[in-house]
Amino acid sequence: MSRIAYVNGRYIPHADASVHVEDRGFQFADGVYEVFAVYKGVLIDEAGHLDRLERSLGELRIEMPVARAALVQILRRMVRRNLVTEGLVYLQVTRGVAPRDFPFPHAAMPTLVITARNKTFPGREVKTVRVIITPDQRWARRDIKTVALLPAALAKQKAREAGAYEAWQVDDDGYVTEGSSSNAWIVTRDNVIVTRQSDHNILRGVTRMALLDFADKNGFRLEERAFSVTEAKQAKEAFLSSASTFVMPISQIDDVAIGNGEIGPVSKTLRLAYFDAMDQIAATTRAGR
Ligand code: PMP
């Protein structure tokens with residue numbers, strides 16, 4: 001089976017898919033993206049990702065390239081045509097193609113690119129990972145999911161070179177913002193779940209929202225506030241969240257051990273709850289088809 005990509009209304013072989021050299025995504029990183037997990041053949045948290053896409057586009061005054069209902073159909077078709085049962089769907093929208101100039105072009109049509117691939121996720125049982133601390137070198141609107149991912153790529157590369165899985169980025173005051181592609185969480189010695197409040201400093205993770213909702217409804221103590229590197233290194237548990245990792249437990253921050261090297265009880269409960277929620281979404285979506 002050959003992979004199919006979607007580019008501006010056309011389903012084409014992945015190997016032949018391309019955008020124009022003067023696409024503003026390429027020339028200015030003038031665009032946004034989304035990543036959806038596919039689990040049991042179904043897009044997870046579809047509405048949450050589409051809501052955030054609309055918000056990101058609105059903040060940059062880029063039009064939705066197609067109506068939301070049509071986009072849903074295209075995304076689902078991409079899952080089917082690429083035979084994705086478990087994996088990821090990536091979607092990029094840029095301001096489009098225009099002669100190179102900084103101000104917004106008058107007549108550009110947004111570019112829409114969607115790709116999909118199978119990927120086996122680690123299951124309910126998961127090993128812990130290590131994170132490193134690095135300065136946050138991104139711009140001041142991290143709530144917009146832009147394709148300007150160079151600082152994230154640099155941070156992730158630094159993590160890889162240190163033998164770690166993720167880099168937790170830190171603001172000028174010593175507080176953790178988030179990972180290069182995930183939100184950051186700790187559980188304090190008093191069993192309070194802490195994750196940074198969603199303002200312009202972090203991306204509003206769709207997974208983060210689902211976890212906050214679950215924790216709130218299930219009586220966990222929660223605080224949405226900034227936490228320092230020092231507090232993180234003294235935490236009982238630490239974990240990260242994203243659409244592709246769900247809840248990933250952390251056993252080490254820089255050279256400081258967190259917990260006993262195994263997934264902690266709160267992280268475990270949240271990870272299992274997220275899998276239960278995905279099973280539920282998959283079952284109800286398939287029943288509704
Ligand atoms: N923060 C950043 C910087 C990210 O790139 C991601 C991954 N998209 C997240 C947080 C997690 O967001 P989500 O749960 O929606 O994948």
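Just so you know, ligand 1 is whichever comes first in the structure, and atom 1 is the first atom listed for that ligand.
Ranking protein heavy atoms by distance to atom 14 (O) of ligand 1, first place goes to Thr207 OG1, 2.6 Å. Nearest to atom 12 (O) of ligand 1 among the protein's heavy atoms is Gly205 CA, 3.3 Å. For atom 7 (C) of ligand 1, the nearest non-hydrogen atom of the protein is Ser181 O, 3.3 Å.
For ligand 1, the atoms sitting less than 4.0 Å from at least one non-hydrogen atom of Val206 are 13 (P), 14 (O), 15 (O), numbered in the order shown with element in parentheses. Heavy-atom proximity to Arg52, at under 4.0 Å, picks out these atoms of ligand 1: 12 (O), 13 (P), 15 (O). Using a 4.0 Å cut-off to heavy atoms of Ser241, the atoms of ligand 1 that qualify are 11 (C). Against a heavy-atom cut-off of under 4.0 Å, Tyr33 is close to the following atoms of ligand 1: 5 (O). Atom numbering of ligand 1 starts at 1 in the shown order; those under 4.0 Å from a heavy atom of Lys145 are 5 (O), 7 (C), 8 (N). Listed by atom number, the atoms of ligand 1 under 4.0 Å from Ser180 heavy atoms are 3 (C), 5 (O). Each of the atoms 3 (C) of ligand 1 lies under 4.0 Å from some heavy atom of Arg138. Atom numbering of ligand 1 starts at 1 in the shown order; those under 4.0 Å from a heavy atom of Asn183 are 10 (C), 11 (C).
Checked against a 3.5 angstrom limit, the closest N/O atoms of His49 and ligand 1 fall outside it. For ligand 1, none of its N or O atoms has an N or O atom of Ser242 under 3.5 Å away. Of the polar atoms of Leu203, none of the N or O atoms is found under 3.5 Å from an N or O of ligand 1, judged by distance alone. For the pair Arg204 and ligand 1, the shortest N or O to N or O distance does not fall below 3.5 Å. Ligand 1 has a nitrogen or oxygen under 3.5 angstrom from a nitrogen or oxygen of Glu178.
Judged purely by distance below 3.5 Å, without hydrogens or angles, the side chains of Glu262 and Thr128 never pair a donor atom with an acceptor atom. Side-chain contact, Asp45 with Tyr274: a donor N or O sits under 3.5 Å from an acceptor N or O. A donor atom on one side chain and an acceptor atom on the other are not found under 3.5 Å apart for Lys145 and Ser56.
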>> With salt bridge (Lys or Arg N to Asp or Glu O under 4.0 Å) as the criterion, how do Asp171 and Arg196 come out once you've worked through the C-alpha distance, each side chain's angles and the decisive distance to 0.1 Å?
In response: CA-CA 12 Å; Asp171 66 20; Arg196 192 162 174 138; 3.1 Å; yes
>> Between Tyr33 and Tyr90, is the ring-ring contact (aromatic ring centres under 6.0 Å, His included) condition met? List the steps.
In response: CA-CA 7 Å; Tyr33 77 111; Tyr90 288 88; 7.3 Å; no
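Applying side chain to side chain contact (heavy atoms under 4.5 Å, CB included) to Ile132 and the options Glu161, Arg160, Lys158, Gln252 leaves one that passes, Lys158.
Of the options Ser244, Ala243, Ala152, the smallest heavy-atom separation from atom 16 (O) of ligand 1 is shown by Ala243.
Distance alone, capped at 3.5 Å, places no donor-acceptor pair between the Thr134 side chain and the Gln169 backbone. Under the 3.5 Å distance criterion, the side-chain polar atoms of Glu86 are matched with a main-chain donor or acceptor of Phe121.
Ring geometry for Phe246 against Phe275 counts as perpendicular: the plane angle is over 60°, on a 0 to 90° scale with 30° as the lower cut.
Val79 is listed as a side-chain neighbour of Val89, based on a closest heavy-atom distance under 4.5 Å. Side-chain atoms of Leu75 and Tyr6, non-hydrogen and from C-beta on, never get closer than 4.5 Å to each other.
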